[in-house]
Amino acid sequence: PDGRGLPEGSGTYAEGEELYTDFCSACHGEELEGISELGAPRLIGGRGSLASDSPVKTVESYWPYSSTLFDYVHRAMPMDSPGSLTADQVYAISAYILGRAGITSDAPDTVLDAQSMAAIQMPNADGFVSDPRDGNANQ
């Protein structure tokens, strides 16, 4: 959550827009709307919907930390070649997704790196509660 372990590198919103088109839009849609037939979820929108009768779980509405976005994209995307994106590419794609969600700026020259990513306050950061169990509940 605090950005420890994020790799060196950086990427801009503009770079991310191009990379998103190349690596992500085939599954997640041109407008980040997701393509349900492929099992690819919507990435933005749904803010404030989690407590409603029709919750929409997205990066914007559900994920509590921006580092979660970096980690997931870096390890698991793109679906046909997981782990193939460089840290710079993942920062750029993250800058694009977070910018489109209105979490960060969508100015083309907006830069995302380990320091700026760790400083991002996600909309649902306070939507989770600590687990009070001591870790031995199943023993």
Side-chain angles (χ1 to χ4, degrees):
D2 63 5
R4 277 183 288 164
L6 284 170
E8 290 185 23
S10 65
T12 68
Y13 178 96
E15 293 165 339
E17 183 173 19
E18 186 174 319
L19 290 164
Y20 180 88
T21 298
D22 293 344
F23 294 107
C24 313
S25 65
C27 294
H28 292 285
E30 291 180 21
E31 298 300 320
L32 293 83
E33 75 276 16
I35 300 176
S36 59
E37 296 83 11
L38 299 176
R42 180 177 173 178
L43 299 177
I44 62 173
R47 198 180 299 200
S49 71
L50 297 181
S52 74
D53 290 337
S54 301
V56 178
K57 282 186 176 179
T58 67
V59 170
E60 177 181 352
S61 70
Y62 182 71
W63 291 16
Y65 308 110
S66 62
S67 59
T68 306
L69 173 61
F70 184 95
D71 184 60
Y72 189 80
V73 172
H74 195 240
R75 292 175 190 253
M77 294 291 128
M79 184 66 85
D80 64 349
S81 185
S84 64
L85 299 172
T86 67
D88 290 339
Q89 289 173 317
V90 177
Y91 281 119
I93 291 168
S94 298
Y96 178 68
I97 293 169
L98 294 170
R100 286 288 309 272
I103 296 168
T104 60
S105 173
D106 62 357
D109 62 347
T110 298
V111 176
L112 197 60
D113 59 18
Q115 291 73 36
S116 59
M117 182 164 258
I120 294 170
Q121 181 74 21
M122 295 294 281
N124 195 40
D126 295 328
F128 289 78
V129 295
S130 297
D131 185 348
R133 298 174 292 181
D134 66 5
N136 297 315
N138 294 324
Q139 294 181 350

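Along the sequence shown, residues are numbered consecutively beginning with 1.
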Within this structure, what is the [atom1]-[atom2] distance for the pair [X] and [Y], rounded to the nearest 0.5 Å?
X   : Y    : atom1 : atom2 : answer
Y62 : N124 : OH    : CG    : 8.0 Å
M79 : L38  : CE    : CG    : 9.5 Å
I93 : M77  : CD1   : CE    : 10.5 Å

Identify the two heavy atoms, one from [X] and one from [Y], that lie closest to each other, and give their separation to 0.1 Å.
X    : Y    : value
G29  : Y20  : O-OH, 2.6 Å
T86  : Q89  : N-OE1, 2.8 Å
L85  : H74  : O-CD2, 3.7 Å
M117 : L112 : CE-CD2, 3.4 Å
P82  : R75  : CB-O, 3.6 Å
S66  : L98  : CB-CD1, 4.3 Å

Give a yes or no on whether [X] and [Y] share a hydrophobic cluster (residues Ile, Leu, Val, Met, Phe, Trp, Tyr; joining criterion: side-chain heavy atoms under 4.5 Å apart).
X   : Y    : result
W63 : F128 : yes
Y72 : L43  : yes
I44 : V56  : no
V73 : I120 : yes

[X] side-chain N/O to [Y] backbone N/O, donor-acceptor pair under 3.5 Å:
X    : Y    : answer
S94  : V90  : yes
S52  : S54  : yes
H28  : I35  : no
T12  : D109 : no
D113 : S10  : no
Y91  : P7   : yes

Side-chain donor-acceptor contact under 3.5 Å, D71 with T68: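 Note: D71 and T68 side chains miss the donor-acceptor criterion.
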Between T58 and S61: side-chain donor-acceptor atoms closer than 3.5 Å: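 Side-chain D/A pair, T58 to S61: present.
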Other residues, nucleotides, ligands: >12 heavy atoms within 6.0 Å of D126 CG: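 Atom CG in D126 is not crowded, with 12 or fewer foreign heavy atoms closer than 6.0 Å.
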Candidate pair L32 and Y96, rule side-chain contact (heavy atoms from CB on, under 4.5 Å), full reasoning: CA-CA 10 Å; L32 293 83; Y96 178 68; 3.8 Å; yes
Student check: side-chain heavy atoms of L50 and K57 closer than 4.5 Å: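 Yes. Closest side-chain heavy atoms under 4.5 Å.
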Note, L6 side chain near Q115 side chain (heavy atom, < 4.5 Å):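 No, too far: nothing below the 4.5 Å cut-off.
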Salt-bridge criterion met for E17 and R100 (N-O under 4.0 Å):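 No.
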